[in-house]
Colleague: 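Below is a structure I'd like to ask you about.
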Amino acid sequence: MNFLQKLNNAVDKSNSLLCVGLDPQMDKLPEHIKRQKYPFFEFNKAIIDTTYELVCAYKPNSAFYEALGPNGILQLKMTSEYIQKKYLEIPVILDAKRGDIGSTNNGYVKFVFEYLNVDAVTLHPYLGKESLKPFLNLKERGIIILCKTSNPGSGEFQNTTVDGEPLYMRVAKLVSGEWNEYNNCLLVVGATYPSELKEIRRIAPHMVFLIPGIGAQGGKVSDVMEHGLDENKRGLIINSSRSILYASTGKDFAEAARAEAKKLRDEINRFR
Ligand code: NUP
């Protein structure tokens with residue numbers, strides 16, 4: 001089964017387009033979790049055990065784990081293995097935004113798909129298709145390319161005009177076309193840019209988009225659903241991290257996360 005089939009099955013089973021971002025931050029963890037040997041893993045485990053029925057994917061961002069050094073990387077691996085063992089139908093996306101020259105990308109491929117063994121990874125397109133071949137050739141995995149990011153300054157490069165069109169449109173065209181030989185590519189489009197999302201959906205009607213920016217960054221579910229859904233009322237992986245993880249920082253954090261995830265899943269489904 002390839003990534004998109006696995007994702008589709010998870011969407012069917014959970015009736016959800018919601019992805020929970022597993023982005024633990026030490027200063028935001030409940031006190032009793034902070035004291036554990038593997039605080040990020042214990043935190044994630046509790047979040048996963050209360051939200052697994054409500055999500056189509058989990059998305060740990062590598063930065064939060066790398067910040068702790070080897071112990072953080074180990075907890076990232078423990079998190080990925082936990083999902084694979086207990087909830088193997090739910091795909092795991094590593095948000096790492098990698099992308100280097102081809103020979104160096106082989107190292108990233110090993111880390112992401114052999115050591116961590118996740119289902120999909122985020123990459124930036126700046127070095128071009130040739131450099132990303134070690135990723136693009138992986139027919140079973142999800143290759144998720146940054147197209148229009150959610151941050152306030154994303155337009156600095158992404159909206160510059162290249163041959164009469166904004167750069168993000170060039171990215172959307174190439175990635176959905178000639179980069180997508182094995183039908184394993186997805187695009188990242190921020191929830192905070194609905195008009196760009198609409199244009200990108202027009203260019204790539206059948207692609208799946210990873211949509212960050214809902215919740216803490218202010219993106220609106222209604223905008224994303226109006227402009228991002230595909231003809232089958234799917235085609236979106238809608239991520240939220242902080243709004244769910246830190247719905248409460250007390251002992252009830254996992255139940256509060258579940259309530260928030262359920263609210264968001266249901267809100268998304270009202271537009272489907
Ligand atoms: O354009 C992007 N915006 C963004 O926020 C691309 C991303 N991958 N992200 C990531 O999504 C970000 O690094 C974080 O892991 C998550 C959003 O988190 P939150 O704002 O929901 O807490």
Side-chain angles (χ1 to χ4, degrees), residues 17-29 40 43-44 47 51 54-68 72 75-76 79-80 91-99 108 112 116 118-126 135 142-159 166-168 171-172 175 185-197 200 208-221 223-224 227-228 236-249 253 256-257 260-261 263-265 267-268:
L17 300 178
L18 177 66
C19 168
V20 171
L22 299 172
D23 295 354
Q25 282 174 260
M26 202 61 90
D27 57 346
K28 291 188 174 159
L29 299 191
F40 284 9
F43 179 73
N44 289 344
I47 296 283
T51 58
L54 303 167
V55 306
C56 67
Y58 287 108
K59 183 183 76 63
N61 190 313
S62 198
F64 297 95
Y65 304 87
E66 289 172 29
L68 298 193
Q75 294 184 66
L76 176 57
T79 300
S80 154
V92 179
I93 298 166
L94 182 72
D95 198 352
K97 303 179 184 68
R98 296 299 196 257
Y108 285 138
V112 174
L116 292 178
V118 295
D119 300 283
V121 68
T122 59
L123 304 170
H124 71 78
Y126 205 63
F135 290 102
I143 309 302
I144 311 179
I145 311 284
L146 298 181
C147 181
K148 174 64 187 169
T149 59
S150 65
N151 54 305
S154 73
E156 183 175 5
F157 290 120
Q158 295 162 22
N159 287 49
L167 182 57
Y168 66 82
V171 172
V175 175
C185 292
L186 295 83
L187 294 169
V188 175
V189 185
T192 43
Y193 293 104
S195 60
E196 281 89 340
L197 174 61
I200 297 166
V208 177
F209 302 158
L210 172 64
I211 309 273
I214 291 287
Q217 297 178 54
K220 287 207 191 81
V221 170
D223 286 342
V224 169
H227 300 303
L236 299 173
I237 304 170
I238 302 177
N239 181 82
S240 190
S241 308
R242 285 167 289 180
S243 74
I244 292 173
L245 301 183
Y246 310 118
S248 158
T249 50
F253 73 97
E260 196 58 35
K263 202 170 96 190
L264 192 47
R265 181 199 63 170
E267 185 186 356
I268 292 167

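Computation of the quantities below employed the complete heavy-atom set of this structure, encompassing side-chain atoms and omitting hydrogens, waters and symmetry-equivalent molecules. Whatever order the structure lists ligands and atoms in, that order sets their numbers, starting from 1.
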Colleague: With a 6.0 Å cut-off on ring centres, are Tyr108 and Phe135 close enough?
Modeller: no
Colleague: Would you please write out the protein residues whose heavy atoms approach any atom of ligand 1 to under 4.0 angstrom, listed by chain and number?
Modeller: Asp23, Lys59, Asn61, Asp95, Lys97, Thr149, Ser150, Val188, Pro212, Ile214, Gln217, Asn239, Ser240, Ser241, Arg242
Colleague: So do the side chains of Leu76 and Leu94 get within less than 4.5 Å of each other, counting heavy atoms only?
Modeller: yes
Colleague: Strictly distance-based, threshold 3.5 Å: is any side-chain N or O of Tyr58 a donor or acceptor partner for the main-chain N or O of Asn44?
Modeller: no
Colleague: Please output the side-chain donor-acceptor pairs of residues 186-194 that fall under 3.5 Å, not counting sequence neighbours, one pair per line with the distance.
Modeller:
residue, atom, partner, partner atom, Å
Thr192, OG1, Ser150, O, 2.8
Tyr193, OH, Asn151, O, 2.9
Tyr193, OH, Pro152, O, 3.3

Colleague: Say you draw a straight line from SG of Cys147 to CZ of Phe209; how long is it, rounded to the nearest 0.5 Å?
Modeller: 7.5 Å
Colleague: Hey, can you tell me if Tyr65 and Phe40 have their rings parallel, tilted or perpendicular (30° and 60° cut-offs)?
Modeller: perpendicular
